[in-house]
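Reviewing the structure listed below.
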Number of protein chains: 2
Amino acid sequence: MQQLTVTSVNVNGLRAAARKGYLPWLAGTTADVVCLQEVRAEEAQLPAEVARPAGWHVTYAPAEAKGRAGVALLTRREPDAVRIGFDCAEFKASGRYLEADLPGLTVASLYLPSGEVGTERQDEKERFMAAFLPYLVDLRGRAAAEGREVLVCGDWNIAHREADLRNWRANRTNSGFLPEERAWLGRVLDPADGGYTDVVRALHPDQEGPYSWWSYRGRAFDNDTGWRIDYQIATPSLAARAVKAHVERAATHAERWSDHAPVTVSYER
Amino acid sequence: MQQLTVTSVNVNGLRAAARKGYLPWLAGTTADVVCLQEVRAEEAQLPAEVARPAGWHVTYAPAEAKGRAGVALLTRREPDAVRIGFDCAEFKASGRYLEADLPGLTVASLYLPSGEVGTERQDEKERFMAAFLPYLVDLRGRAAAEGREVLVCGDWNIAHREADLRNWRANRTNSGFLPEERAWLGRVLDPADGGYTDVVRALHPDQEGPYSWWSYRGRAFDNDTGWRIDYQIATPSLAARAVKAHVERAATHAERWSDHAPVTVSYER
DNA sequence: CATTCAATG
DNA sequence: CATTTAATG
């Protein structure tokens, strides 16, 4: 294979997604790595063909709380190592972070907490952000020492810039587009700070979106009133190898098996 | 009209029933009085055509607890009076009993609590039974003094005899067929005690069933593994006027808009 | 196995 | 507006 293809999608409940069309999508993907978020199930609650699809190695990081969060990684080849959670006790068993080592690459599935202004859930989101940025820096350092690139895929629950959501003016005081959240993501992407690259934006610097999430309310999907909150965030030399990126809006169009669409990127090896 | 037809059905959530075929059934019924149980909604939560179907006078007795219990009466003519609850403070606002006066008749919709052996819910069921039998006696006396018959329709959550459920042996220790529950219903029907008559059984003394409830689990409906727990219980001289009784199994067959079927009886006037 | 609800998203 | 769970049935 000349390319490594990675796709990431928030499935909004893998049991529901599987009832509505997730498996045909998975059967059709050419990706080598699939990152899932909001699995909202333990492996034992899933039908076998969903839990362990043929041809994939699967790792789950479910949340302690039943029916909440949960991330997973599907890889065509067996990872050399997998690690659940990151360097933070509070979020260790929250089903929000899972990473796997493949040759020359550490790939992660991330589900950053969603917040709501003025509630404890926003405080939790901010605690996660505060702990996660130093971890990303640490991860990049460790990976570099081992000659590994890093790719953190998932639902970051933050739109970075005005081009990343349809109604940015109306959302300046809503969680997901707050100044402090945007600044935090800016730090992740600052070469002098986090040092990572937003792969899709690097390939499409002048595009609106492409959005990856549309509310189920109203006609958000039909009107493309969406947000770009699902990212592939890579070390710069990996990001430089990205040759194609797209959001599979059609994959969730007819069937609508999630309110998010897969974000797919191909990297030269 | 030469006859008065009364039908009673536990709808297991009127909102769900209305999504699945309750309204066509209502449009087709020839009944003069419809008794509903397990409405599980307040009037304001119902679509107008469900809450106030044309041609009917409707009275609701919702439970205080949202989404629980709830009984209603639909009558072609306006009742002379309606009363919510019976002579017991604990169950006044529990959405389990509603009665209406029509000329010569007091008709009631009853949803007796369902229990589970060894739980507080069984205790509650027994408290209801203990309070309700004296009320029935009192009601019969008052009605007689006014020249009124009494008809209490609804889900009594008790199968009286072995012929009233498919698997009576296996259910002798389950709520709904406990010896003390059967004995209590026996007292309701004892001429020297409650003094009421089980109208459907009086018309069909030698029949198995007819069952009026089938669990959604397994193939209970297809195998007719049911219970007769929905009754029309009448003062004897009204019961003597019953000319036809049947359980509308077909009404909930194709569509299955409830796990109970309507119990319909026609009385000579 | 179905209906509600509440919390989450 | 959709997904879960929990309690209820």
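Order of the sequence lines sets the chain letters (A, B, ...), proteins ahead of strands, with each chain counted from 1.
If A:S215 and B:S114 are placed on DNA chain D by their nearest nucleotide, the residue sitting closer to the 5' end is A:S215.
Other residues, nucleotides and ligands contribute at most 12 non-hydrogen atoms within 6.0 Å of the CZ atom of A:R187.
Within the structure, salt bridge (Lys or Arg N to Asp or Glu O under 4.0 Å) contacts touching residues 163-172 of chain B (residues at least two apart or in different chains) are B:D164-B:R201, B:D164-B:R228.
Read 5' to 3', the first and last nucleotides of DNA chain C with an atom closer than 4.0 Å to a heavy atom of chain A are C:dT8 to C:dG9.
Atom pair A:W213:CH2 and D:dA2:P shows a separation of 13 Å (rounding to whole Å applied). B:L112 has its CG atom 17 Å from the P atom of D:dT8, to the nearest Å. Between the CD atom of A:E64 and the C1' atom of D:dT4 there is a distance of 17 Å, given to the nearest Å. Straight-line distance from the CG atom of B:D155 to the P atom of D:dT8: 17 Å, rounded to whole Å. Atoms NZ (A:K20) and P (D:dA2) sit 8 Å apart, rounded to a whole Å. Rounded to a whole Å, the OH atom of A:Y111 is 12 Å from the C1' atom of D:dT4.
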A:R52 and A:E43: salt bridge (Lys or Arg N to Asp or Glu O under 4.0 Å), yes or no, with the steps? CA-CA 9 Å; A:R52 298 274 157 207; A:E43 194 184 333; 2.8 Å; yes
List the steps, then state whether salt bridge (Lys or Arg N to Asp or Glu O under 4.0 Å) holds for A:E64 with A:K92. CA-CA 9 Å; A:E64 224 160 30; A:K92 203 75 187 174; over 6 Å; no
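Here A:R19 lies in heavy-atom contact (under 4.0 Å) with sugar-phosphate atoms only. Contacts of A:K125 with the nucleic acid, taken as non-hydrogen atoms under 4.0 Å apart, are absent.
If you check residues 37-51 of chain B against DNA chain C, the residues with a heavy atom closer than 4.0 Å are B:R40, B:Q45, listed by number.
For the pair A:R217 and D:dT3, the criterion of a side-chain N or O lying under 4.0 Å from OP1 or OP2 is not met. At D:dT5, one or more side-chain N or O atoms of A:R15 fall inside 4.0 Å of OP1 or OP2 (strictly under the cut-off).
Of the residues listed (B:Y216, B:W213, B:W214), the one engaging B:D259 in a side-chain hydrogen bond (donor to acceptor under 3.5 Å, both in side chains) is B:W213, and it is the only one.
A cation-pi arrangement is absent between A:R249 and A:Y211, since the terminal nitrogen or guanidinium carbon is not both under 6.0 Å from the aromatic centre and inside a 45° cone about the axis.
The distance between the ring centers of A:Y135 and A:Y97 falls below 6.0 angstrom.
Pairing of C:dA6, defined by two Watson-Crick or G-U wobble distances under 3.5 Å, is identified with D:dT4. Base-pair partner of D:dG9: C:dC1 (Watson-Crick or G-U wobble, both distances under 3.5 Å).
Ion pairing of A:K66 with A:E42 is absent here, as no side-chain N (NZ or NE/NH1/NH2) approaches a carboxylate O to less than 4.0 Å.
Summarising the geometry, atom OG1 belonging to A:T7 is positioned 4.5 Å from atom CH2 belonging to A:W25; distances are rounded to the nearest 0.5 Å.
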